[in-house]
Amino acid sequence: MALDQYTYVFVVGTFFAMLDAFNNGANDVANAWATSVSSRSISYRQAMIFGTIFEMLGAITVGARTAETIKNGIIPNAAFRDNAGVQMLAFTCALAGASTWVMWCTRHSAHVSSTYSLVSAVAGVGVATVGARQVQWGWNDGKGLGAIFSGLVMAPAISAAFGASIFMLIKLVVHLRKNPVPWAVYSSPFFFLIAGTICTLSIVYKGSPNLGLNKKPGWYVAAVTMGTGGGVAILAAIFFVPFVHAKVIKKDHGVKWWMFVYGPLLFKRPEVAVMDQANVPNYAVVQDDSDDEDQPQLPPSKASPTPTESGSNPEKKLDQDPELGEAPVQLTYKEIQAQGERKLHAKLLKKRGPMGWAMRTLRDNPMGPGRIYELHNIRLFLTRLPAMVVCGLLYGLHYDIHAAQSGIAGTPEGERMARVYAEAKKYPNEVEHTYSFVQILTACTASFAHGANDIGNSVGPWAVIYSAWSTGSAAASKAEVPIWQLAVLSATISLGLLTYGYNIMKVMGNKITYHSPSRGCSMEMGAAITVLVFSQYSLPVSTSMCITGATVGVGLCNGTLKAVNFQRVGLLMLSWIATIPIAGTIGGVLMGLFLNAPHF
């Protein structure tokens, strides 16, 4: 029997479950894709498309397994004494505490782990509901808090080892050669083999509970995994190698992207437009800003320096008016940041399409004098509202993430990143172009693994709330998570990445160490392997922690500690650790207040 009297609890719990999923996309998923975007292997818009597809695939096919740990592994189901109403309230408070904390952190560009935020909130709620003794603080067959929090140390370290190992392999096979371009092209099928095997391992070895693939014998798992990975490698040898050979070795500018279907025929293709330099993108992190001419021109006496990636010097002073005898003005750091925003807005105002329309609408309809409830301001607000919605949805697609990551030249942050980048070896664009294709595959693998692992954060408590509400039994929370719940929350995760992920991306990726496609694919494969290993044992682990650990590991492969921005790493670790007591306290206090509130 459904608990109709607690429908409001289910509605509130659903809201916070979706908010937690949105935060997961804006925080954790944004960090996972920051590696690919930072390496320039894919654009932010392409990351949105691939992220949406593979997050949903991972969540729907293999995402239910880790949800079981958060549902029943921290607070024993028997502790609720078959009181479904209290159980609903407990997990609603946990979602409220976790989502509130992560939303605040995301707003302030502070990366935290949504996994550990929710786990901590559930533990805090458990203490308030059934007492500290009933909470599973130990290992509990890999499902207790001891097992979960052990990943706080193990996951980044293991991921760093995996990522560094893969990059060192690339470095030894390709980068250290006198002529690395042919080595990069002809060895690419081997790295496609590794990436394809990891991706297949995500599906087959973990197995979807609905398909029963995890119950297959070991020889079946090995055969299918290696067979699929080998198939990807063979396809790469047949189609990818001739295509890249024509582009980066023959330097034929007449080769179009669709010509990969010609396969080996490209080796015999007549050279149409051979140039001195291969037609490949520039993968350098810091690049000249080609849009300076778009900056609105001001009178000389009012002109001010414009921050760019290779940017301006904040010590530069405004021109002095000889007639007025004004003293030189030194810009503050906030003023320089504000100028950067104005420059971006000036570019957006000239764009066509919805974003340009929205920016021009907001510019042409400023709020009038007085409070918002004045009649003229109400009319203006209604005029501005559609444009505000469009800007909120599309602003991130136009945000210059690379400029934000590398900082403004002349500021302490910009100088720090310049020192970090100077310690990293820069490899030829032709070599990096080869690995950009591998990174697309590894990025999708990492996104699939994230959907499989982190969907359990939001869907676990929501599944408990729904099952208790729909059946009226606390014991029903042990049932399998419905597919529709996995689909809804995975779509919400993608929405968070699309609309607000840029706010976390700008402080990750190149903010930690220098990125390039060969480094990026190593980071993503290392993180994906770590996530799959932990998820196989039903241990919720933060994908963000794995990506960060792999990033540090690959950065150290430059041979010096100076190649890693340890200030940023330290801030990340501080936010991870602070998440445990803060999220736990918020969830526990909410539950304690509601459960013990006086009433008639």
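If you're wondering where the values come from, they're calculated on a predicted model, not measured in any experiment.
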Which pairs of donor and acceptor atoms, one on a side chain in residues 493-500, lie under 3.5 Å apart (sequence neighbours left out)?
from: S494; atom 1: OG; to: S490; atom 2: O; distance (Å): 3.2
from: T499; atom 1: OG1; to: L495; atom 2: O; distance (Å): 2.9

So side-chain hydrogen bond (donor to acceptor under 3.5 Å, both in side chains) across residues 561-572, not counting sequence neighbours, yields R416-Q567
Please determine if K426 forms a cation-pi arrangement with Y283, meaning its NZ or CZ atom is less than 6.0 Å from the six-membered ring centre and no more than 45° off the ring axis. no
Between S522 and R519, do the side chains contain a donor N or O and an acceptor N or O under 3.5 Å apart? no
Aromatic ring pairing F50/F54, orientation class (parallel under 30°, perpendicular over 60°, tilted between): tilted
Would you say the side chain of K506 lies within less than 4.5 Å of the side chain of K511, judging by non-hydrogen atoms? no
Is the shortest side-chain heavy-atom distance between F162 and I158 below 4.5 Å? yes
dist N429:CG -> N282:CG (nearest 0.5 Å) comes out at 5.0 Å
Is it true that N27 and S114 share a donor-acceptor pair across their side chains at a distance under 3.5 Å? no
F240 and F192: aromatic ring centres closer than 6.0 Å? yes
Can R40 and N510 be counted as having a side-chain donor-acceptor contact under 3.5 angstrom? no
Any residue meeting side chain to side chain contact (heavy atoms under 4.5 Å, CB included) with M573, in chain and number order, not counting sequence neighbours: V569, W576
Pair Y502 + Y44: ring centers closer than 6.0 Å: no
Under 3.5 Å donor-acceptor, N503 side chain and T106 backbone: yes
Side-chain donor-acceptor pairs of residues 169-179 under 3.5 Å, sequence neighbours excluded:
from: K171; atom 1: NZ; to: C557; atom 2: O; distance (Å): 2.8
from: H175; atom 1: NE2; to: S518; atom 2: OG; distance (Å): 3.1
from: R177; atom 1: NE; to: V173; atom 2: O; distance (Å): 3.1

Under the side chain to side chain contact (heavy atoms under 4.5 Å, CB included) test, which residues partner V241, sequence neighbours left out? V185, Y186, S188, P189, F267
Is any side-chain heavy atom of L556 closer than 4.5 Å to a side-chain heavy atom of V564? yes
Whether the S99 and N23 side chains hold a donor-acceptor pair (N or O, under 3.5 Å, no angle test) is what I'd like checked. no
Will you find, in the side chains of T35 and E524, an N or O donor that is under 3.5 Å from an N or O acceptor? no
Report all side-chain donor-acceptor pairs from residues 119-126 shorter than 3.5 Å, counting only partners two or more places apart or in another chain.
from: S120; atom 1: OG; to: Y116; atom 2: O; distance (Å): 2.7

